[in-house]
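Working notes, structure below.
The figures that follow rest on heavy atoms only: side chains count, while hydrogens, waters and symmetry mates do not. Index from 1, following the sequence.
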Amino acid sequence: MATPSLRLSLQFARSPEMAPHRAALPRAQVLRWLRAALGADVRLAEIAVRVVGADEGRQLNRDYRGKDYATNVLTFDYSGAPQLAADLVLCAPVVAREAAELATPLAQHYAHLLVHGALHAQGWDHETSEQEAEAMEARETAILAALGMPDPYAR
């Protein structure tokens with residue numbers, strides 16, 4: 001199976017608090033994690049990953065999902081396979097807090113959330129039904145295992 005072509009734009013909000021997040025997200029790793037999450041029917045993917053602060057994360061979640069709080073990852077999908085286009089927005093303070101609560105390395109939690117967001121961009125959903133949630137979690141777990149990471153849901 002041919003590896004899909006992936007065009008990545010990796011962006012960080014301007015803030016001194018972004019330093020540990022930049023360190024946790026080296027471009028080569030982000031490319032590796034996203035490629036692992038792309039399905040066999042994706043030939044070309046254009047993905048922008050933006051890491052934001054709490055205010056921007058909250059505003060985007062409020063404006064686009066009607067939920068007035070910052071969440072860990074938001075997925076904006078514009079086109080599906082075979083030419084996938086999506087933006088993944090990760091809220092740095094939320095991701096850092098969750099990683100600490102889970103006693104998980106920051107980079108490992110980012111990997112999970114990038115895989116999660118990339119699956120959403122391909123149509124996977126965990127809010128429609130319990131069956132779909134279980135299927136999505138199983139897919140995430142398999143992708144992360146192939147990357148040498150533990151099951152994020154085994155707690």
Side-chain angles (χ1 to χ4, degrees), residues 4-39 42 44-81 83-130 132-137 139-141 143-144 147 149 151-153 155:
S5 176
L6 173 58
R7 295 182 189 143
L8 173 66
S9 174
L10 183 56
Q11 308 165 9
F12 295 86
R14 291 182 190 256
S15 168
E17 292 84 29
M18 287 295 151
H21 301 277
R22 285 180 182 275
L25 291 165
R27 183 179 180 78
Q29 282 295 80
V30 173
L31 283 164
R32 182 172 172 253
W33 298 334
L34 290 173
R35 277 194 180 105
L38 296 176
V42 176
L44 170 65
E46 294 184 16
I47 300 176
V49 173
R50 179 160 172 77
V51 182
V52 302
D55 290 342
E56 187 175 348
R58 180 179 180 183
Q59 180 179 353
L60 288 167
N61 201 29
R62 183 181 57 235
D63 292 352
Y64 291 97
R65 294 182 65 228
K67 298 182 180 189
D68 193 20
Y69 57 87
T71 190
N72 52 16
V73 61
L74 291 168
T75 301
F76 299 92
D77 57 327
Y78 306 112
S79 68
Q83 295 184 343
L84 181 75
D87 292 339
L88 305 179
V89 179
L90 297 120
C91 185
V94 174
V95 176
R97 184 191 76 236
E98 290 176 347
E101 289 170 355
L102 296 167
T104 299
L106 184 60
Q108 186 175 303
H109 194 46
Y110 268 119
H112 174 215
L113 294 173
L114 286 167
V115 166
H116 183 87
L119 290 178
H120 272 306
Q122 295 170 84
W124 290 80
D125 190 0
H126 57 83
E127 295 181 351
T128 305
S129 73
E130 185 65 31
E132 288 188 23
E134 289 172 4
M136 186 171 177
E137 287 179 11
R139 182 71 184 130
E140 289 172 32
T141 299
I143 292 166
L144 292 168
L147 291 167
M149 294 184 197
D151 180 350
Y153 298 103
R155 300 276 173 224

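- Screening residues 4-33 for ring pair (Phe, Tyr, Trp, His ring centres under 6.0 Å), with sequence neighbours left out, gives H21-Y110.
- Annotation for R7: atom CZ does not count as buried by contact number, only 12 or fewer foreign heavy atoms lying within 6.0 Å.
- In this structure Y78 satisfies the ring pair (Phe, Tyr, Trp, His ring centres under 6.0 Å) test with no other residue, sequence neighbours excluded.
- If you take CG on L84 and OG on S79, they are separated by 6.0 Å, rounding to the nearest 0.5 Å.
- Contact check for R50 versus D87: no side-chain heavy atoms found under the 4.5 Å cut-off.
- Here L102 contributes atom CG and H109 contributes atom NE2; the two are 6.0 Å apart, rounded to the nearest 0.5 Å.
- For the atom pair CG of L114 and CG of L34, the computed distance is 5.0 Å after rounding to the nearest 0.5 Å.
- Between the N61 side chain and the Y69 main chain, a donor and an acceptor come within less than 3.5 Å of each other.
- Here the CD-CG distance, from Q29 to L10, works out to 12.0 Å after rounding to the nearest 0.5 Å.
- The side-chain hydrogen bond (donor to acceptor under 3.5 Å, both in side chains) test with N72 is passed by exactly one of R97, E98, H112: E98.
- Residues forming a ring pair (Phe, Tyr, Trp, His ring centres under 6.0 Å) with H116 (at least two apart in sequence, or on another chain): H120, H126.
- Annotation: side chain of L119 is in contact with side chain of Q122 (closest heavy-atom distance under 4.5 Å).
- Side chain of S15 to main chain of A13: no donor-acceptor pair is present (N/O by atom type, distance under 3.5 Å, no hydrogens or angles).
- For the pair T71 and V94, the tightest heavy-atom approach, listed with the atom from each and the gap, is C-CG1, 3.9 Å.
- Counting non-hydrogen atoms of other residues, nucleotides and ligands closer than 6.0 Å to CD of Q11 gives a total above 12.
- For the side chain to side chain contact (heavy atoms under 4.5 Å, CB included) with V115, the lone residue among L38, I143, V73 that qualifies is I143.
- The number of heavy atoms from other shown groups lying within 6.0 Å of CZ (R14) does not exceed 12.
- Across all non-hydrogen atoms, the minimal contact from P93 to A54 is CG-N, 3.7 Å.
- Of all non-hydrogen atoms in L74 and G57, the two that sit nearest each other are CD1-O, 4.3 Å.
- Summarising the geometry of M18 relative to A92, their closest heavy-atom pair is CE-CB, 3.7 Å, with the distance given to 0.1 Å.
- Put simply, the side chain of S5 never gets that close to the backbone of L44: no donor and acceptor are under 3.5 Å apart.
- M136 places none of its side-chain heavy atoms less than 4.5 Å from the side chain of D125.
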